[in-house]
> 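Below are the structure tokens for one structure; questions will follow.
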Amino acid sequence: MSGSEEREGGSESPEPGRHGLPELMAERRAKAERLRQSDPGAFPYAFPGAEPIEGILEAYAHLADGEETEDVHRVAGRLAARRGAGKAAFLDLVDRTGKIQLHARVDVLGPELFERLLSLDLGDLVGVDGAVLRSRHGELTLRVDRFQILAKALRPPPDKHHGLSDVETRYRRRELDLIASEDARSLFVDRARIISAVRAYLDSNAFVEVETPVLQPLYGGALARPFTTHHNALDRDLYLRVATELYLKRLIVGGLERVYELGKDFRNEGVSPKHNPEFTMVEWYEAYADYEDEARRLEEVVSHAAAAIGYGGELDFSSPWRRLSFFEAIEAQTGIDLETHRDGESLSAAIAERGLRLPTEGLTWVQLADDLLSKFVEPTLQQPTFVFDYPVEISPLAREHRTRPGLVERWEAFAGGMEIANAFSELTDADVQRERFEAQQRLASGGGGQEFHPYDELFLQALEQGMPPAGGVGLGIDRLVMVLTGRQSIREVVLFPAMRD
RNA sequence: GCCCCGUUAGCUCAUCUGGUAGAGCGCCGGACUUUUAAUCCGGUGGGGCGGGUUCGAGUCCCGCACGGGGCACCA
């Protein structure tokens with residue numbers, strides 16, 4: 001250290017020093033060391049019997065201002081604020097369910113314990129027993145009769161009033177976000193409730209929850225670049241799944257009739273406000289159903305999920321949702337009738353003619369049509385909407401449309417300007433499926449994109465075994481949570497989103 | 001991979017044309033037995049990293065890292 005302390009004269013603290021992070025932490029460590037010498041230590045083992053704060057607030061909602069009781073309750077949580085007042089002090093204690101004010105009084109605790117309580121730092125975890133009262137100013141309060149530190153916080157918490165707003169810190173150090181933000185806590189509780197509601201709906205409709213391999217010898221079920229890994233003992237490459245579709249259909253062949261899997265898929269692609277490389281998807285498959293049946297099911301699943309968190313936003317999830325055909329949707333937003341522009345050249349010309357900002361060079365008809373949908377239609381679909389009947393070329397696992405040649409029985413569901421689900425009347429004819437895979441292979445080797453559906457022989461053999469007619473749906477859980485909680489970025493609804501190191 | 005923007009104290013934010021970087025919270029010391037963004041007095045802490053230009057750089061230039069938005073990719 002330099003000699004800068006000398007001019008202070010020394011009547012203040014022995015170590016005026018600086019108060020950057022190292023000094024703040026040193027201060028806390030010194031307190032922790034003192035605590036370690038005393039009875040329960042700085043990091044005791046347990047604190048049984050604490051009640052949720054929310055329950056106490058509710059149970060004593062009737063207390064009048066200034067009214068005191070001798071009802072003693074035990075709470076535990078993190079110290080969030082402190083307001084000293086001489087021989088008394090008020091502190092705020094926060095747990096998962098809420099915040100309660102503590103009133104510390106030297107005449108209750110005695111000078112030594114009172115001093116010890118006040119020497120706690122914001123961010124410390126504390127357990128308290130105390131009598132319930134309502135302060136003159138109307139705040140439900142626990143008079144501190146006894147307390148115990150439950151863990152010393154060696155690092156300072158985020159700002160008690162402004163919280164954490166730096167998004168990088170919020171995502172990288174989610175625990176700080178959760179400490180600082182009631183909103184963040186309730187968001188992730190809502191996410192859990194949404195997932196529970198989806199499971200509960202499917203469980204109560206006779207779906208069997210299953211687990212299929214995450215590590216797969218072949219990836220399939222979606223056109224996406226996979227993550228590759230290697231199994232040492234088998235000395236072979238494996239892929240992290242991009243979808244669960246093919247395995248789940250094999251279970252439908254196996255006779256489980258209604259199955260679902262809710263879990264992570266992995267796609268080795270760009271990160272964006274709508275894309276995280278690992279994301280949560282639920283897929284369900286139902287024998288003897290078609291895509292119309294599944295549209296109704298999605299409406300039910302989503303309205304159950306919305307109800308589970310008391311959704312009160314501007315989207316109307318009540319049935320039936322708006323329905324458009326793929327062609328109608330594009331015509332409505334771009335004025336282009338795909339029926340009259342059935343090849344790439346004609347469609348490119350129509351796009352150019354209308355001055356639409358869309359690259360067309362070297363793209364096929366189906367690529368252009370799909371780009372039109374995602375660029376010009378998808379962002380406009382705020383209210384829940386189904387887009388029905390897609391071109392077969394971009395839907396190799398969906399069954400041909402029963403009346404419209406060249407199309408398949410497929411819909412995608414949109415809400416909040418984003419795709420949230422995708423479904424087919426599943427293609428069950430093994431020979432047609434084989435041809436589709438072959439067409440995909442030709443497309444891939446023919447140039448352009450490198451991605452294609454690998455030719456999955458075991459899946460084809462399963463279809464050859466005989467698969468009942470079936471409808472299947474994939475629903476993006478993260479995006480559903482975004483829509484139901486009004487968040488604009490997937491990183492907001494994923495606890496630990498992918499970040500660069 | 002490309003384009004644009006950002007990075008100042010533990011946290012939240014200021015800092016005109018390049019000229020000694022400020023505040024609130026927190027923290028430390030003191031006062032106060034009903035405060036709640038408590039209050040009052042005193043103290044305390046900083047320019048992402050690496051170069052360059054300049055008498056002098058938080059400010060201008062270059063590179064890097066990280067973040068945000070967009071593009072590409074994601075049927």
Side-chain angles (χ1 to χ4, degrees), chain A residues 4-5 8-9 11-28 30-31 65-66 68 80-92 99-108 114 119 121-123 133-141 143 155-172 176 179-180 222-225 242 267-277 279 357 359 364 366-367 369-371 373-375 390-398 410 412 419 422 440 443 449-453 488-489 491 499-501:
Chain A
S4 63
E5 299 91 342
E8 296 297 333
S11 70
E12 303 296 332
S13 66
E15 173 83 20
R18 308 189 316 274
H19 286 85
L21 182 58
E23 290 75 19
L24 293 174
M25 290 186 66
E27 202 81 55
R28 285 166 180 260
K31 288 181 179 177
D65 292 1
E68 305 196 359
R82 177 176 46 219
R83 298 173 290 280
K87 303 231 169 15
F90 295 89
L91 306 103
D92 290 339
K99 178 179 82 176
I100 194 166
Q101 174 168 267
L102 306 176
H103 190 199
R105 294 165 48 170
V106 72
D107 61 346
V108 172
F114 181 77
S119 75
D121 291 312
L122 297 191
L133 61 100
R134 188 177 296 283
S135 73
R136 288 174 211 162
H137 289 74
E139 179 93 10
L140 197 81
T141 302
R143 180 193 70 209
R155 290 179 178 272
D159 186 280
K160 69 180 178 184
H161 180 240
H162 299 96
L164 251 195
S165 66
D166 179 66
V167 294
E168 183 170 359
T169 310
R170 289 185 44 238
Y171 298 158
R172 285 187 191 278
L176 294 181
I179 286 170
L223 192 56
R225 282 163 65 189
V242 298
R267 296 186 183 175
N268 202 342
E269 284 154 3
V271 173
S272 87
K274 293 176 185 174
H275 300 85
N276 198 57
F279 62 101
R357 292 183 45 180
T364 63
V366 71
Q367 288 170 320
D370 199 44
D371 286 350
L373 186 80
S374 59
K375 295 285 190 306
Y390 282 62
V392 61
E393 297 93 325
I394 52 175
S395 317
L397 301 168
R410 171 186 181 184
E412 289 186 311
E419 180 196 345
N422 181 29
Q440 290 283 310
L443 219 63
Q450 299 108 323
E451 279 113 42
F452 60 99
H453 283 264
Q488 297 303 308
S489 169
R491 298 184 198 97
M499 303 285 270
R500 218 181 284 264
D501 277 330

> Mark yes or no for whether A:R410, through its side chain, and A:I394, through its backbone, hold a donor-acceptor pair below 3.5 Å.
yes

> What's the gap between B:rC66 and B:rG46 when it is taken at their P atoms, as a whole Å value?
27 Å

> Taking only the C1' atom of each, what is the distance from B:rG67 to B:rG48 in whole angstrom?
11 Å

> Can you name the side-chain contact (heavy atoms from CB on, under 4.5 Å) partners of A:A80, sequence neighbours left out?
A:D92, A:V94

> Taking the side chain as C-beta and beyond, is there a heavy-atom pair between A:L21 and A:R155 under 4.5 Å?
yes

> Base, sugar-phosphate or nothing for A:G163? Non-hydrogen atoms, less than 4.0 Å.
sugar-phosphate

> At less than 4.0 Å, is any side-chain N or O atom of A:K274 found next to OP1 or OP2 of B:rC74? Yes or no.
no

> Nearest whole Å is fine: how far is B:rC32 C1' from A:F90 CZ?
12 Å

> Just name whichever nucleotide pairs with B:rU39, Watson-Crick or G-U, keeping both distances under 3.5 Å, else none.
B:rA31

> When both hydrogen-bonding distances must be under 3.5 Å and the geometry is Watson-Crick or G-U wobble, what is B:rG1 paired with, if anything?
B:rC71

> Once you round it to whole Å, what is the distance between C1' of B:rU36 and CZ of A:R134?
14 Å

> Is A:R82 close enough to B:rC27 that one of its side-chain N or O atoms is under 4.0 Å from OP1 or OP2 there?
yes

> Suppose you measure atom P in B:rC61 against the same atom in B:rC4; what distance do you get, rounded to whole Å?
13 Å

> What integer distance in Å separates A:N422:CG from B:rC74:P?
15 Å

> Assign each of A:K31 and A:K99 to its nearest nucleotide of RNA chain B by heavy atoms, then name whichever residue's nucleotide is nearer the 5' end.
A:K31

> A:I100 CD1 to B:rU36 P: how many Å, rounded?
18 Å

> Indicate yes or no: at least one non-hydrogen side-chain atom of A:K375 is less than 4.5 angstrom from one of A:R357.
no

> Check A:Q440 against A:E393 and note the closest heavy-atom contact, atom names and distance.
NE2-O, 3.4 Å

> Expressed in whole Å, how much space separates the C1' atoms belonging to B:rC32 and B:rC40?
9 Å

> Taking the same atom, P, in B:rU44 and in B:rC2, what whole-Å distance lies between them?
47 Å

> Between B:rA38 and A:K160, is there an OP1 or OP2 to side-chain N/O distance shorter than 4.0 Å?
yes

> Looking at every strand, decide which applies to A:E68 at a 4.0 Å heavy-atom threshold: base, sugar-phosphate, or nothing.
base

> Give the B/S/- string for nucleotides 64-71 of chain B, one per nucleotide from 5' to 3', where a protein heavy atom under 4.0 Å of the base yields B, of only the sugar-phosphate yields S, and otherwise -.
--SSSSS-

> Is any side-chain nitrogen or oxygen of A:T141 closer than 4.0 Å to OP1 or OP2 of B:rU34?
no

> Does B:rU12 have a Watson-Crick or wobble mate here (both distances under 3.5 Å), and if so which one?
B:rA23

> Sort me out a list of protein N/O and nucleotides 7-10 of chain B N/O pairs below 3.5 Å, or just none if empty.
unit_1, atom_1, unit_2, atom_2, d
B:rG10, OP1, A:L21, N, 3.2

> List the residues meeting side-chain contact (heavy atoms from CB on, under 4.5 Å) with A:S165, not counting sequence neighbours, and say none if there are none.
none

> Side chain of A:H162 only, heavy atoms from C-beta on: which candidate in B:rG26, B:rU33, B:rU12 is closest?
B:rU12

> Find the distance A:R105:CZ to B:rU33:P and express it as a whole number of Å.
12 Å

> Between B:rA21 and B:rG1, how far apart are the two P atoms, rounded to whole Å?
38 Å

> Give me the atom names and distance for the closest heavy-atom approach of A:A222 to A:R267.
CB-NH2, 3.2 Å

> Among B:rC27, B:rU33, B:rU34, which nucleotide sits nearest the side chain of A:E27?
B:rC27

> For A:R170, what residues pass the side-chain contact (heavy atoms from CB on, under 4.5 Å) criterion, not counting sequence neighbours?
A:L164, A:V167, A:R174, A:D177, A:E492

> Which pair of heavy atoms, one from A:R491 and one from A:P273, lies closest together, and at what distance?
NH2-N, 4.4 Å

> Taking the C1' atom of each, how far is B:rC13 from B:rG51, in whole Å?
30 Å

> Measure NZ/A:K87 against P/B:rU33 and give the value in whole Å, please.
5 Å

> Can you tell me how far C1' of B:rA37 sits from CD of A:Q101, to the nearest Å?
13 Å

> State which residues pass salt bridge (Lys or Arg N to Asp or Glu O under 4.0 Å) with A:D121; sequence neighbours excluded, sorted by chain then number.
A:K31, A:K152

> Students often get this wrong, so: under 4.0 angstrom with heavy atoms, is A:L164 touching a base, only sugar-phosphate, or nothing?
sugar-phosphate

> Expressed in angstrom and rounded to an integer, what is the separation of A:M25 atom CE from B:rC28 atom C1'?
17 Å

> What heavy-atom pair brings A:R83 and A:A81 nearest, and what distance separates the two atoms?
NH1-CB, 4.0 Å

> Categorize A:S165 for me: base, sugar-phosphate, or nothing, with a 4.0 angstrom heavy-atom threshold over every strand shown.
sugar-phosphate

> Using the C1' atoms only, state how far B:rC25 lies from B:rU36, rounded to an integer number of Å.
15 Å

> Heavy atoms only, 4.0 Å cut-off, all strands: where does A:V366 land among base, sugar-phosphate and nothing?
nothing

> Start with the C-alpha distance between A:D65 and A:R136, add both sets of side-chain angles, then the distance that settles side chain to side chain contact (heavy atoms under 4.5 Å, CB included), and finish with yes or no.
CA-CA 5 Å; A:D65 292 1; A:R136 288 174 211 162; 5.8 Å; no

